[in-house]
2 protein chains.
Amino acid sequence: MDNPKTDTEALNQEIINKIKPSMPKKELLYDLSDFFKVMGDSTRIQLLWALEESELCVGELSAILDMTKSAVSHQLKVLRTAKLVRSQKRGKNVYYSLNDEHVQTIVKMALEHVCE
Amino acid sequence: MDNPKTDTEALNQEIINKIKPSMPKKELLYDLSDFFKVMGDSTRIQLLWALEESELCVGELSAILDMTKSAVSHQLKVLRTAKLVRSQKRGKNVYYSLNDEHVQTIVKMALEHVCE
DNA sequence: ATTATATATGAATAATTGTTCAAATGTCAA
DNA sequence: TTGACATTTGAACAATTATTCATATATAAT
C-alpha cells in the first residue's frame with residue numbers, strides 16, 4: 001500500500017468524521033447523565049414508586065421505606081433539585097408529589113429492560 | 001382526643017398499610033437502580049449515542065469521544081455487562097453495537113425531561 | 001519468530017455519594 | 001413562652017467508581 005495512514009489505521013475515518021459533529025454538547029450530556037444519576041439509587045426509586053400512588057409526607061415515606069426521616073429527607077431534596085418531585089407544606093407536614101409525567105414512563109421502560 | 005396514637009401521629013396509617021406491600025422487592029429494586037446507574041455516566045451516554053448511528057470499533061469510539069482506548073474499553077465492558085451493547089470480533093478489531101431497543105426510547109424520554 | 005496494532009485488564013488514585021448522627025428550624029398546642 | 005413534633009441541614013464516614021498507567025493478550029503482516 002502506498003498510504004501509510006491506511007496501512008496502520010484500520011479505522012473508518014469517514015464515519016468518525018460523520019458521527020463526531022453529531023455528538024451531544026457537553027452541557028446536554030451532563031444534564032442527561034445527571035438525570036440518570038438521580039434515578040440510579042434504590043432509595044430514590046422507592047420514593048418515586050410510592051409517590052406514584054399518592055401524595056405523601058416525609059413521615060409516611062419514612063414508614064413505607066422503613067428508613068430514617070433524615071435519610072428520606074436528604075433523598076427527597078435530591079429529587080426536588082432534579083425537579084422530579086414537588087413539595088407543599090401543610091401544617092407541620094411537607095407533602096411530596098410527582099412533578100414529571102415522563103418519569104413513570106421511563107421507569108416502566110426500564111422495567112421492561114431488566115425483566116427479561 | 002381519646003386516642004393517643006392519633007394525637008401524636010399525623011400520619012395516614014391507612015395509606016401506609018396500602019402502599020407498603022405494593023413496593024417493589026429488593027431484587028427488582030436493585031436491578032432497576034443498577035440499570036439507571038449504568039446510564040448515569042456521560043461517557044457511557046456518549047458511547048450509546050454514537051452506537052445509535054452505527055456499529056463501531058473501540059478505536060473509532062475512542063476517536064469520536066476523544067478519550068483513551070483504555071477508558072473507552074473499560075466503559076464498554078460496563079455496557080456489555082449490563083447487556084446494553086454486544087460485541088463482535090472481526091480481525092484485530094472488536095465491533096460494538098446496541099443490544100436493546102428500549103435504550104433509545106429511554107434516552108429520548110430523558111431528553112424531553114431535561115430539555116424544558 | 002518477530003514486530004506492530006487493537007483491545008482488554010488490574011492496580012492505584014481521586015472524586016463522588018448515601019447514610020448516620022447531632023443539631024437547627026419551623027409549626028402547632030397548651 | 002414552653003414543649004412536642006415534623007422536617008431540614010451539615011459534617012463525617014464508608015463505599016463506590018471513572019480515569020490513568022502499565023502490562024497482558026490476541027491477531028495480522030513481514
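Residue numbers begin at 1 in each chain, while the letters A, B, ... track the order of the sequences.
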Has A/Lys77 got a side-chain N or O lying under 4.0 Å from the OP1 or OP2 atom of D/dT8? no

Can you tell me if the side-chain N/O atoms of B/Thr43 get under 4.0 Å from OP1 or OP2 in D/dT19? yes

Is the distance from OP1 or OP2 of C/dA6 to the nearest side-chain N or O of B/Arg90 less than 4.0 Å? no

Between the protein and nucleotides 23-26 of chain C, are there any N/O to N/O pairs under 3.5 Å, and if so, what are the atom names and distances?
none

Whole angstrom value for the distance that separates C1' of C/dT5 from CD of B/Glu60: 14 Å

Of all pairs that satisfy side chain to side chain donor-acceptor pair (under 3.5 Å), the ones with a partner from residues 70-81 of chain B, not counting sequence neighbours: B/Arg44-B/Gln75, B/Arg80-B/Tyr96

Tell me the interatomic distance from B/Phe36, atom CZ, to C/dG18, atom P, rounded to whole angstroms. 15 Å

Residues in salt bridge (Lys or Arg N to Asp or Glu O under 4.0 Å) contact with A/Lys37, at least two apart in sequence or another chain: A/Asp34

B/Lys37 has its side chain closest, among D/dT17, D/dT7, D/dA18, to D/dT17

Only one of A/Asn99, A/Val107, A/Ile106, A/Thr105 clears side-chain contact (heavy atoms from CB on, under 4.5 Å) with A/Val103; which? A/Val107

With distance as the sole test, does A/Asn93 use its side chain to make a donor-acceptor pair with the main-chain N or O of A/Tyr95 at under 3.5 Å? no

Phosphate oxygens OP1/OP2 of C/dT7: is one of them under 4.0 Å from a side-chain N or O of B/Asn93? yes

Please enumerate all residues that pass side-chain hydrogen bond (donor to acceptor under 3.5 Å, both in side chains) together with B/Ser54, with sequence neighbours excluded. none

Could you pull out the protein-nucleic contacts involving nucleotides 21-25 of chain D (nitrogen or oxygen on both sides, under 3.5 Å)?
residue : atom : partner : partner atom : Å
D/dC21  : N4   : B/Ser70 : OG           : 2.8

Please name all residues satisfying side-chain hydrogen bond (donor to acceptor under 3.5 Å, both in side chains) with B/Ser97, sequence neighbours left out, ordered by chain then number. B/Arg86

Between D/dT16 (C1') and B/Tyr30 (OH): distance, integer Å: 14 Å

From CG of B/Asp41 over to C1' of C/dA15, roughly how many Å is that when rounded to an integer? 13 Å

For the side chain of B/Tyr96, starting at C-beta, report the closest nucleotide among D/dT8, C/dA8, C/dG18. C/dA8

Rounded distance in Å - CE (A/Met39) to P (C/dT17): 16 Å

Nearest whole angstrom, please: distance from the P of D/dT19 to the CZ of B/Arg44. 8 Å

May I have the distance from A/Leu29 (atom CG) to D/dA18 (atom P), rounded to whole angstrom? 14 Å

Using ring pair (Phe, Tyr, Trp, His ring centres under 6.0 Å) as the criterion, list what pairs up with A/His113, not counting sequence neighbours. B/Phe35

Go through the structure and list residues passing ring pair (Phe, Tyr, Trp, His ring centres under 6.0 Å) with B/Phe36, not counting sequence neighbours. none

For B/Leu76 and D/dT19, what is the distance between atoms CG and C1' respectively, to the nearest whole Å? 14 Å

The criterion is side-chain hydrogen bond (donor to acceptor under 3.5 Å, both in side chains); which residues satisfy it with B/Glu55, sequence neighbours excluded? B/Arg90

